[in-house]
Structures are given as structure tokens and as C-alpha cells.
Amino acid sequence: MKVELIDLKKRYEDEKEHLIKCFDNVLKNGSLIMTDEVANFENNVCNFVNSKFCLGLNSGTDALMMALWSLGIKKGDEVITSPLSFVASVGSIVHTGAKTVFVDVKDDLNINEELIEEAITDRTKAIMPVHWSGKVCNMEKIMEIANKYNLFVIEDSAQGMGSYYNNKHAGTFGDIAAFSAHPLKNLNAVGDSGFVVTDNEDLYNSIKLFRNHGMESRDNVKIFGVNSRLDSLNAEILSYRLTRLKEVINKRRNNISLYKKYIKTDKVILPEDSLNTHDSYVMMISLCDQRDKLQSYLTSKDIQSLVYYGTPLHLHKASINIGYKKGDFKNAERLASKVLSFPHHQYLSEEQIKYVSDCVNDFYD
């Protein structure tokens, strides 16, 4: 039985009729840049997450960089973040000229909020918690620390759409948040896309200007900005898919419950919601003994899986100048050696999930 990790082909077949309508709605108007579709999507996001402002951008990476830029983060500043994330989390900090300060993670793969305070120096300007795989960090404690030391909070909510902490949506705790709509996310475009949300009108106006070359009008350039505009077609598709997001997340959460029913071995630790969180589970990241051998075994059974990610950010070649070494963040390194994502998308059948589970059980038996 073949079990694929990604749902994109099946999702297209499921949504084909609606997606064709999205194409038609946008293309028949003869305009593809900064149209009403973009503004409509931004309003829809605001309503979904309960935020005052949203700006569509061309990627989650740009969303992080512009969030940092809008807060004035610059060379000589320090930003505290997690060593378990996609490279864009650190890359965005590096490109502002600021220094990345890592703090180790907890067993839930998120930053250990109890270690943040000791990492603060007189150059610390911001904390960037990463809601890894859709599990929201302990934002109550993080905001308490930020307020105590007068620090900005940029939420890396790339994987946080549809996630909640104490019934409050990811990305609505700090000063500003960055989201990704990359094709592998729960809310996904048909290419790179992203957006920021904030309640701060000054940050909103700053990024609104910067994303469009710094132009106040067609022939009036106030600053030198960049081109990071969400295109109209992706905006229309994202607005449609936003109406289905809760359905998608609920199906994925149900699939994870089925894995918990069928996987019997104690050599695999499956993800769990904590009492105050509702996770969107962009990836079903499990912790597996003999991870690499298990993945090879699953591949032999025609089951796709994904190591997401096997190298903590402080150990990449690109991070050498940041100044950390192996052993500096032992929990992150230990967990990275065990992480494996099983297929859990919304188009899986229970039979497929049972097959994957049986194969996992058989490997350890």
C-alpha cells in the first residue's frame, strides 16, 4: 500500500472546481497586483485570528524580515529564539545585522521559556518564539518576560495558522507575527506566500509601504523598499481555503488520534496537545528511537515520511559565525536526532493509517 506524506495532488482533485473559479474570478479582471482580492484576504485573516491588521506578502520569510525591520532591529541588537526551526527564523535575524541568541527547547520542541531570562543582555531587543509544527509556545510566560525587560515579541507563526493558546490565536500575543502560506502549510497557496498580523498601526503602515517598493503612489517613492506583494491569484485561493481551514485541521487531528489508537510501541512518542493549547499540526512530528532505520524501513514499505529537521540551527555551516557548537543545546540536539513526521493529511483513509501504524509496530517488534 502506498502512503504519501503530502496531500497536494489529492487536494487539487478535491478542490479543482473551486480553484478554477478562483482563476476565473481573478484573471477575467485583467489585473493581478494589489487588487481587491488581496485586501479581501487580509480582512478575512483579521477576522479569523482576531487581529486589527494583516498584510499579504510573498513569503513567510519576508514576513519575518519585515517584522524585524519594522521594529527597528539592527546591527548590534540581539534577538532570542529557538534552535529548532526552519532556517528562515535565523536567516531573517542575520539579514537585519542583529545577533541570534539561542535558547534550548523543551520536550514539546518549543523554546524553553524558563531559560529566556538568563539569556537577556543589555543588547537584547526582541524575543522570537517559534510555534513549531503548530504548537503555540507558552506565550503567557514569554509576554511576562518581554514586558518586564521592555522587549519586542515577534511570533514566528509560520506554522501557526489555526493554532490557539488559552483560546487566543497564535500570532496575536506579541507586537507582530509572521505567517507562511507555503504549499506544505495547512493554509496553503499555490506557491510561496505569507503575511503578517499586528495590532500596531505604525508597524502596519511601515510594512505596507516597504512591501511595495516604498511607493506612496505610482510616482511618489517615500523610501526604498522591496517587492514583496502577495499576488491576487494566491490571495483569492487563500481566501477560499481559509473557509476550509478548520475542517482540514480537524481531519488531521482525527488522523493523529487514529495513530494513537493503532501504534502500540513505546519507542515512538506521538505529539500531544497540552491542556491550554489547540494545535494545528502542520506536521505530525513524532520522536522515534532508531529514527533513520525506521524511516528506511517505512520507505521499503512504500510509506513516505520526513525528518523535519534533523540538524538544529546552531549546527549548520551557515551558523558558524553565530558562535555556538555541538553540545550547547543538548535537548534540541537530542530531539533533532529522533524527529520523524508520519503522513497525517486529510485525505488519508483509516486503512492507510492502520497500515503505517502496523509497519511501525512491526519494525520495533
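This one's a predicted model, so the numbers in the text were calculated from it and none came from an experiment.
- At least one donor-acceptor pair under 3.5 Å links the side chain of Ser300 to the backbone N or O of Tyr297.
- The pair Arg253-Asp279 does not meet the salt-bridge criterion, since no charged nitrogen lies less than 4.0 angstrom from a carboxylate oxygen.
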Please assess Thr299 against Ser296 for the test side chain to side chain donor-acceptor pair (under 3.5 Å), listing each intermediate value before the final yes or no.
CA-CA 5 Å; Thr299 300; Ser296 294; 5.9 Å; no
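- Annotation for Asn167: atom CG does not count as buried by contact number, only 12 or fewer foreign heavy atoms lying within 6.0 Å.
- More than 12 heavy atoms of other shown residues, nucleotides or ligands fall within 6.0 angstrom of atom CD in Glu247.
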Lys267 vs Asp365, salt bridge (charged side-chain N to carboxylate O under 4.0 Å, His left out): CA-CA, chis, key distance, verdict
CA-CA 10 Å; Lys267 303 297 184 182; Asp365 286 343; over 6 Å; no
List the steps and the verdict of side-chain contact (heavy atoms from CB on, under 4.5 Å) for His213 and Val226.
CA-CA 5 Å; His213 298 287; Val226 299; over 6 Å; no
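- Crowding of Asn220 atom CG: a count of heavy atoms from other residues, nucleotides or ligands under 6.0 Å exceeding 12.
- Looking only at distances, no side-chain donor or acceptor of Asn147 sits under 3.5 Å from a matching main-chain atom of Tyr149.
- For Asp273, the CG atom sits in a packed shell: over 12 heavy atoms of surrounding residues, nucleotides or ligands are nearer than 6.0 Å.
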Criterion side-chain contact (heavy atoms from CB on, under 4.5 Å) on Lys135 and Leu109, from CA distance to verdict:
CA-CA 9 Å; Lys135 178 180 285 293; Leu109 308 178; over 6 Å; no
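- With hydrogens and angles ignored, the 3.5 Å screen pairs a side-chain donor or acceptor of Asp231 with a backbone N or O of Leu233.
- In this structure, Lys141 pairs ionically with Glu144, as a charged nitrogen and a carboxylate oxygen lie closer than 4.0 Å.
- Counting heavy-atom neighbours within 6.0 Å of Lys260 NZ, excluding the residue itself, gives a total above 12.
- The shortest side-chain heavy-atom distance between Asn44 and Leu242 falls under the 4.5 Å cut-off.
- Classification of Lys125 and Asp77 as a salt-bridged pair holds, one side-chain N sitting under 4.0 Å from a carboxylate O.
- Counting only distance, with no hydrogens or angles, the side chain of Asp175 and the backbone of Val153 share a donor-acceptor pair below 3.5 Å.
- Asn58 has its side chain within reach of Asp62: a pair of non-hydrogen atoms, C-beta onward, lies under 4.5 Å apart.
- Counted within 6.0 Å of CZ on Phe210, heavy atoms from surrounding residues, nucleotides or ligands total more than 12; the atom is thus considered enclosed.
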Do Val101 and Thr124 pass the side-chain contact (heavy atoms from CB on, under 4.5 Å) test, and can you show the C-alpha distance, the side-chain angles, and the key distance before you say yes or no?
CA-CA 9 Å; Val101 176; Thr124 306; 5.9 Å; no
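- The closest donor-acceptor contact from the side chain of Asn361 to the backbone of Tyr262 lies under 3.5 Å.
- For the atom pair Met65 CE and Ser70 OG, the distance stands at 12.0 Å (nearest 0.5 Å).
- Residue-environment remark: CG (Asn50) stays at or below the threshold of 12 foreign heavy atoms within 6.0 Å.
- The shortest side-chain heavy-atom distance between Ile353 and Leu348 falls under the 4.5 Å cut-off.
- Within the 3.5 Å criterion, the main-chain N or O of Ala332 finds a donor-acceptor partner in the side chain of Asp104.
- Put simply, the side chain of Val282 does not reach to within 4.5 Å of the side chain of Met161, judged on heavy atoms.
- One finds no salt bridge joining Glu333 and Lys330 here, because no Lys/Arg side-chain nitrogen approaches an Asp/Glu carboxylate oxygen to under 4.0 Å.
- In this structure the side chain of Asp192 never reaches within 4.5 angstrom of the side chain of Thr61, judged on heavy atoms.
- Using a 4.0 Å cut-off between a side-chain N of Lys or Arg and a carboxylate O of Asp or Glu, Asp14 and Arg11 do not qualify as a salt bridge.
- Side-chain contact between Ile145 and Met143 is absent, with no heavy-atom pair separated by less than 4.5 Å.
- In this structure, the side chain to side chain donor-acceptor pair (under 3.5 Å) partners of Ser280, at least two apart in sequence or on a different chain, are Ser163.
- Counting only distance, with no hydrogens or angles, the side chain of Ser319 and the backbone of Leu315 share no donor-acceptor pair below 3.5 Å.
- With Asn43 contributing its side chain and Ala39 its backbone, the two residues share a donor-acceptor pair below 3.5 Å.
- Taking the ring centre of Phe173 as origin, the terminal cationic atom of Lys168 falls inside the region bounded by 6.0 Å and 45° from the ring axis.
- The closest side-chain donor-acceptor pair between Gln346 and Asp7 falls under 3.5 angstrom.
- Salt bridge present: Glu113 and Lys106 bring a charged side-chain N and a carboxylate O closer than 4.0 Å.
- Checked for salt-bridge contact, Lys52 and Glu42 miss the test: no charged N lies under 4.0 Å from a carboxylate O.
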Run the side-chain contact (heavy atoms from CB on, under 4.5 Å) test on Ile93 and Met128 for me, step by step, so that the C-alpha distance in whole Å, both residues' side-chain angles and the decisive distance to 0.1 Å come before the verdict.
CA-CA 10 Å; Ile93 298 170; Met128 184 192 285; 3.9 Å; yes
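- A donor-acceptor contact shorter than 3.5 Å links the side chain of Lys264 to the backbone of Lys261.
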Check residues 337-345 and write down every donor-acceptor pair under 3.5 Å in which the side-chain atom is one partner and the other belongs to a residue at least two apart or another chain.
from	atom 1	to	atom 2	distance (Å)
Ser337	OG	Arg334	O	2.6
Lys338	NZ	Asp289	OD1	2.7
His344	NE2	Tyr281	O	2.7
His345	ND1	Tyr347	N	3.1
His345	NE2	Glu4	O	3.2

Take His169 and Phe48 through the test ring pair (Phe, Tyr, Trp, His ring centres under 6.0 Å) and record every step on the way to the result.
CA-CA 9 Å; His169 197 281; Phe48 190 96; 5.8 Å; yes
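- Listed here is the closest heavy atom pair of Cys137 and Ile142: CB-CD1, 3.9 Å.
- Side-chain atoms of Tyr308 and Ser133, non-hydrogen and from C-beta on, never get closer than 4.5 Å to each other.
- Heavy atoms of other residues, nucleotides or ligands lying less than 6.0 angstrom from CZ of Phe23 number 12 at most.
- Using modelled atom types, no side-chain atom of Arg123 and backbone atom of Lys99 make a donor-acceptor pair closer than 3.5 Å.
- Counting only heavy atoms from C-beta outward, the side chains of Ser82 and Asn110 never approach each other to under 4.5 Å.
- Ring orientation note: the planes of Phe195 and Phe179 are close to parallel, at an angle under 30° on the 30°/60° scale.
- Using a 4.0 Å cut-off between charged side-chain N and carboxylate O, Asp358 and Lys354 make a salt bridge.
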